[in-house]
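Numbering of residues begins at 1 and proceeds along the displayed sequence. A quick note: this is a predicted structure, and the numbers were derived from the prediction, not measured.
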Amino acid sequence: MSWISGHLYLIPLLPLLAAGIIAVNRQPRRQLASRLAIGAMLGSFLLSAGAFCGTLGRASGGGAVPEVHNFDWFQMGGSWVRLGWLLDPLTAAMLVMVTFVGLLIFIYSVGYMAHDANFTRFFCFLSLFAAAMLGLLIANNLLLLFMCWELVGLASYLLIGFWYHKPSAAAAAKKAFITTRVGDVVFFLGIVWLYSQAGTLLFYDAGQGCLEHSVLDSMAARTTFGGIAVTAGIGLLIFCGAIGKSGQVPLHVWLPDAMEGPTPVSALIHAATMVAAGVFLVARMYPLMAAHGVGAFDAPLAAGFSALTVVAWVGAITAVFAACIAVAQTDIKRILAYSTVSQLGFMMLGLAVGGVAVGMFHLITHAFFKALLFLGAGSVIHGCHEEQDIRHMGGLRRFMPVTFATYAIGMLALSGFPLVFSGFWSKDAILHAAHHWEVSRLPFYLGVVGAFLTAFYMTRQVCQVFYGHYRGGQAAAPGHAGKGKSAHHAHAHAHEPHESPRVMTVPLAILAVFAILLGFIGTPAWPWFQSYLTGTAAEFNFAELRNPEILSTLLLSTALVFFGIGLGWLLYGRQPASDAQAVDPLERWQPDVFALLRNKFYVDELYEMTVIQLNAWFARACDNLDYFGWNGLVVAVSYLTIGLAWLDRVCDEFVVNLGFDGICRGVSQGGKILARLQTGRVQSYLRVLGVALAALVLFLLWGCGAS
């Protein structure tokens with residue numbers, strides 16, 4: 001076992017210690033807080049890089065064997081609860097990504113949050129967030145993973161609601177916390193069920209872990225409801241946790257509202273930490289979720305069913321659903337938020353139809369270009385004086401050239417522009433795997449639609465933000481068709497946009513470089529990343545690009561991207577809007593459909609009318625039951641108790657006390673009488689004996705005379 005695998009705990013420990021030290025420091029010590037947080041993250045990155053290098057030698061020997069370190073935590077009865085951490089290529093790749101992207105976001109935050117009064121508290125929460133995510137990644141025990149999972153939820157609540165003085169931020173934090181708890185409750189049930197079936201929550205434990213063949217084969221041989229295997233049932237419950245954390249349908253509603261937090265928080269949540277946790281969970285539990293049951297005699301369809309089937313359908317539906325909504329949004333961060341939901345759907349689809357390597361490749365590439373886009377959006381907001389509505393922007397490429405160049409790279413990577421950008425190769429691998437999925441071709445077609453919509457809405461956003469004339473300072477657009485343009489187009493002395501400081505633009509440039517280069521480690525010609533995760537040797541074979549199946553998917557992806565970008569440019573770039581109140585071209589063409597998309601298919605309203613109302617009704621019912629039922633019962637019992645107390649008092653005072661007192665007085669009087677006889681004088685005793693003897697004689701004589 002290598003040194004780093006035995007000391008893997010240091011990676012999350014450093015930011016955790018930084019968070020603790022910042023928490024006990026005084027608020028004005030801003031420079032100390034930022035340096036501690038950044039220094040701890042830098043240390044974690046260096047350790048992660050060492051762990052990554054340690055796995056490189058083992059990733060070419062025909063199978064990556066994880067290095068584990070398990071230890072006893074506490075004793076429960078006659079058995080010990082054991083925890084541990086593991087190091088394998090999946091863990092190492094995620095550690096490097098999270099620490100590196102997180103480090104850039106931390107550095108960026110120094111400039112973005114420079115004027116915030118709660119600067120030190122912000123870096124305390126950021127460090128706690130990073131520590132929780134890193135602890136989740138190294139866990140070799142599902143219980144330890146769940147503990148860190150919940151800490152991630154707590155930290156996200158603190159960061160989303162960081163500006164708690166804004167009602168919208170406070171509401172968004174509560175919404176995120178409660179929505180993700182819904183999935184976490186079901187996730188916890190899956191943990192309990194897994195422990196009852198496997199007898200352990202350790203992933204790897206010398207052949208006895210819950211993800212190892214002997215235990216999985218035993219669970220797959222047992223069936224549950226509908227004849228499906230126990231592994232499939234447990235996998236579905238665990239996947240519910242991933243649905244909540246990674247914003248999949250139907251628990252996606254919290255993720256767009258999380259934009260109420262500061263932009264670095266949005267970048268951290270949407271790129272490297274929280275939402276990636278759900279995808280990582282599915283990847284970590286992949287052996288369990290991929291296990292097929294033998295099926296019952298009366299349920300033959302359940303024989304080939306695994307949890308990955310549901311993962312594929314949920315991912316494909318989410319990819320298209322969120323992409324459709326993003327088409328009609330006007331908040332620059334909200335567009336990116338729905339883009340994240342859509343891309344997370346692609347990752348889930350990739351995991352289900354192509355395996356861990358396909359899904360994780362898109363997660364890694366997406367982390368870099370989505371962090372780039374969110375930080376770029378933060379730079380735009382910062383340069384436009386906190387404006388987030390893209391209708392009030394325009395022409396920013398002249399004012400913010402560095403932000404524009406890096407944002408354009410992120411947009412092309414997300415859209416999947418062919419050959420050069422990383423998103424093209426990672427998304428193409430998902431479409432290729434979906435095309436060959438044996439269960440159904442429909443997820444592939446949904447993925448095709450999602451890929452086209454991604455290129456379209458990102459082109460729409462870039463055109464409205466960076467092209468045309470600056471529209472800042474104009475009246476707000478009404479948001480409905482037929483309202484006409486504003487009577488005046490004056491800029492109303494609006495402040496011109498400005499480029500962000502270097503502490504914000506340098507991280508953008510670094511992320512832009514990786515948004516391009518990362519794609520080349522997973523191309524069909526050189527699938528190094530896929531080989532690294534699977535523990536096989538990677539070989540360069542340019543002829544793979546000429547493989548008809550791969551080439552057809554590459555050409556289809558290229559056509560989708562050019563069609564989406566071309567249509568977006570035709571509608572929004574050729575004649576950019578000159579007025580903030582200008583009606584959107586899609587709204588002019590299909591106002592009803594556009595309103596449906598702008599209002600997010602009315603899912604929040606549907607939840608408000610159903611789930612929220614049902615919960616409110618149930619709360620009122622519980623309140624009424626408590627007030628009129630349990631409270632009435634308590635009052636009745638209290639009155640009964642008081643009545644019994646009064647009865648007891650009456651009996652005590654007028655029956656027990658009087659009777660006892662009378663007996664006591666009689667005994668006392670008798671004692672006094674007898675006390676007179678006990679004088680101690682022999683003469684008195686002799687008199688009594690004489691009188692008694694005389695009385696006895698008289699009694700005997702009377703008795704004899706009577707007889």
Option from Asp331, Val380, Ile332 for which side-chain contact (heavy atoms from CB on, under 4.5 Å) with Ile390 holds: Ile332
By ring-ring contact (aromatic ring centres under 6.0 Å, His included) - contacts of Phe562 (at least two apart): Phe417
Is there a donor in the side chain of [X] and an acceptor in the side chain of [Y], or the other way round, less than 3.5 Å apart?
X      : Y      : result
Tyr407 : Gln461 : yes
Thr263 : Tyr112 : yes
Thr553 : Asp428 : no
Arg284 : Thr91  : yes

Side-chain ion pair, Lys333 and Glu260, N-O less than 4.0 Å: no
Quiz: residues 362-378 side-chain donor-acceptor pairs under 3.5 angstrom, not counting sequence neighbours:
from	atom 1	to	atom 2	distance (Å)
His362	ND1	Ser426	OG	2.8
His362	NE2	Gln343	OE1	2.8
Thr365	OG1	Phe361	O	3.2
Thr365	OG1	His362	O	3.1
Thr365	OG1	Ser426	OG	3.0
His366	NE2	Lys370	NZ	3.1
Lys370	NZ	Ser339	OG	3.2
Lys370	NZ	Thr340	OG1	3.0

Tell me whether the centres of the aromatic rings in [X] and [Y] are closer together than 6.0 Å.
X      : Y      : value
Trp254 : Tyr157 : no
His252 : Phe321 : yes
Phe52  : Tyr532 : yes
Tyr572 : Tyr467 : no

Summary of salt bridge (charged side-chain N to carboxylate O under 4.0 Å, His left out) pairs that have at least one residue in residues 234-249, sequence neighbours excluded: Asp184-Lys245
Residues Thr180, Leu251; criterion side chain to side chain contact (heavy atoms under 4.5 Å, CB included); working and verdict: CA-CA 7 Å; Thr180 53; Leu251 298 180; over 6 Å; no
Residues Phe514, Phe100; criterion ring pair (Phe, Tyr, Trp, His ring centres under 6.0 Å); working and verdict: CA-CA 11 Å; Phe514 281 92; Phe100 184 66; 5.1 Å; yes
